[in-house]
Amino acid sequence: MRRLLLPSLLRRPLTEAAPAPDDAALREIAAAVDAAARRRLGRSLSIREVDAGSCNGCELEIHALNNPYYDVERFGIRFVASPRHADVLLVTGPVTKNMREALQRTYDATPGPKWVVALGDCARDGGCFAGSYAVAGGASEVVPVDLHIPGCPPPPLQILRGLLALLEQVDRGAKAG
Amino acid sequence: MPSLIDLALEGRQVAEQRPWPRTIVEFPVWNFAADQLAEGAWSLSGLWGEPSAVHMALVDEETAQAAVISLACPNRSFPSVGRRHPPALRLERTIRDLFGVEAMGPPDARPWLDHQRWGTRFPLGAPAVPGDPSPYPFLPVEGDSLHQIAVGPVHAGIIEPGHFRFTAGGETVVRLEQRLGYTHKGVEGLMAGADLTRAAQLAGRVSGDSTVAYALAFARAAEAALGIDAPARAIWLGALMAELERLANHLGDIGAICNDASFALMLAHCSVLREDVLRAADTAFGHRLMRDVIVPGGVARDLAADGAAAIRAVVATIRRRFPALVELYDNTASLQDRTVGTGVLTPALARHYAAGGYIGRASGRAFDARRSLAYAPYDDLQFDVPVLTEGDVNARVWVRIREVEQSLSLVEQILDRLPGGALLAPLEASANAGEGMAIVEGFRGDVLAWLRVAGGRIERCHLRDPSWFQWPLLEAAIEGNIVADFPLCNKSFNCSYSGHDL
């Protein structure tokens, strides 16, 4: 283990510079984060990820956010195990009819203030699965959505830009408030 | 022991299916096949329905033959295969849920994918109005001091949804019962009537981590149905992508399994290697997961100009860094303490269920579609199929470590010998109906694609994920282990929810 740990101490970190927040996401999210909410959140976001029927492609790229290249926790963004601990629900996939109630109950279990981010093309409107007997549609069919991050799946950098836009909005408000 | 060819002579052969025969049989031959499966003469590779027929795919591993037998079901019923051969049970429950075609006399008649939420019954057969919803009856459990733990469908991690019902006596799991179907998107319903472009897109979105394997299986089945051959360069590029997908998934999962034993250092290092592979794939093929690159007829885009160099660089990186990680895995007593002897799958069960991928190969089943049903270009490449017999978490990790090494070699061989030429064979929208089947080795195991196409459109397409024959084995492997070891066992299996639920 020493042979792995020692070079890690001497080497420059793999973590890359933060990307700029996504402009389109900034515009979309601005209305959803008010000053009161900003004060309460400070500079951190706890995210509960909910797969509402995705193909698992989006989950792979969300996982990548935690690898040393992106290291999402340096921004105060972390993924939590329970909706009770979450500020944000990150919803992927077309919402299948079999998952509809579970998504609704996860939303209800999340304390306010809370936001919903719909990740990937399927979560916007059902994507290529829209119209199936087994699919309810995009995430907004079931819960109110504050921000969309498009892509199939969106690469980690794009997810990060969307989440930073949300965080920046929160931070800007906190200072102003 | 009868051969599959003998079986094919017992019925009326369907001329259109390629490359393996499909035969329409009567009840006695159907039952005979079920008995042969139960005796272990053949492996069950698929069982799927149509509104008034059922089909069963069989593989004879000794002779490397595959065949499909079909049974007409004018009365919407067929003799249960699951009664004789339990691996067929969930498939039969699915056929009833989707088509309303009933297995006669199955030991388990509960619904499977149908959670009474669709607003209809039998959506792909003759749709019917659903009755009043009733609670799903889990299997009864009796005994002193037993308690139940219900988990899901929304799990604690960033993973797919499914429900696990544990019955535990103290810390020890007495029984695990799975309930799946939460991510059922109705892919086969969307496929019907779709043109090949859209159908290929859907196939590539059945299971995100196996998008290359599914695209390849679908494309090969479509090419077989249309009687066309993809150009040599496309076939080799397809294999290149398949090996990169295998590398990325194996590297990510080896780290994640260790992380489930609270050994985060392996996850950090392995996730860097996984990211390196995805970035090379992005450079080479324009998409990190290489989605929508393989299409019926060949590939939609060529290897980028700097693609080969990027892939060679990542191979060199893995060769340099991976051995130290393997040594760390092997020499960390606290990690070995968690993985050795945990979640044992016996070779007998793995063989009975024809478990594919590293799950089968860690329990002595030496099946790998790349070798056993050798398809191009693997028939022309050098590689080993690592097999172990212990069947525990540790053995599954080691099979994947060895497969990483094999894939690195395959990637280099492919790059060294990549032929030039065309990328895409023209698709002729033949008016004739054609049927095709393909079995392709994804990272998780063998993916089966079967389809019937007419006038350039899909009439019926069935995609069978390897997880169908792996999920039930997780229920067996966890028995007698402690609840806290379930994440470790589950990750070492890493079955697909979306691929299974379809």
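The figures that follow rest on heavy atoms only: side chains count, while hydrogens, waters and symmetry mates do not. Each chain gets a letter, A, B and so on, in the order the sequences are listed, and its residues count up from 1.
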Fill in: Most chain A-contacting option - heavy-atom pairs closer than 4.5 Å, from B:Gly119, B:Ser271, B:Gly189
B:Ser271

Worksheet item: Any side-chain donor paired with an acceptor under 3.5 Å for B:Tyr497 and A:Asp51?
Response: no

Discussion item. Between B:Leu289 and chain A, with a heavy-atom cut-off of 4.5 Å, which part of the residue counts as in contact: side chain, backbone, both or neither?
Written reply: side chain

Worksheet item: At a heavy-atom separation under 4.5 Å, does B:Arg205 approach chain A through its side chain, its backbone, both, or neither?
Response: both

Worksheet item: Are any side-chain N or O atoms of B:Asn249 and backbone N or O atoms of B:Phe443, one a donor and one an acceptor, separated by less than 3.5 Å?
Response: no

Worksheet item: Considering only heavy atoms, which portion of B:Leu98 lies under 4.5 Å from any heavy atom of chain A: side chain, backbone, both, or neither?
Response: side chain

Item to complete: Pull out the residues in residues 111-118 of chain B that come under 4.5 Å of chain A, heavy atom to heavy atom, sorted by number.
Response: B:Leu113, B:His115, B:Arg117, B:Trp118

Worksheet item: Out of B:Ser207, B:Ser210, B:Ser467, which residue meets the side chain to side chain donor-acceptor pair (under 3.5 Å) rule with B:Ser496?
Response: B:Ser207

Worksheet entry | Residue B:His287 versus chain A: region with a heavy atom under 4.5 Å | side chain

Fill in: SB check B:Glu188 B:Arg460 (cutoff 4.0 Å)
yes

Discussion item. Would B:Arg291 pass as a cation-pi partner of B:Phe285, given that its NZ or CZ must be under 6.0 Å from the six-membered ring centre and within 45 degrees of the axis?
Written reply: no

Practice prompt. For the residue pair B:Tyr136 and B:His163, confirm or rule out a side-chain donor-acceptor distance under 3.5 Å.
Written response: no

Discussion item. Distance alone, cut at 3.5 Å: any donor-acceptor contact between the side chains of A:Glu59 and A:Thr92?
Written reply: yes

Worksheet item: Does any heavy atom of chain B fall under 4.5 Å from the side chain of A:Cys152, the backbone, both, or neither of them?
Response: both

Worksheet item: Are side-chain N/O atoms of A:Ser54 and B:Glu160 paired as donor and acceptor at under 3.5 Å?
Response: no

Worksheet entry | Part of B:Val272 lying under 4.5 Å from any heavy atom of chain A | both

Worksheet, complete the sentence: Sequence neighbours excluded, the answer for salt bridge (charged side-chain N to carboxylate O under 4.0 Å, His left out) partners of B:Lys491 is B:Asp253

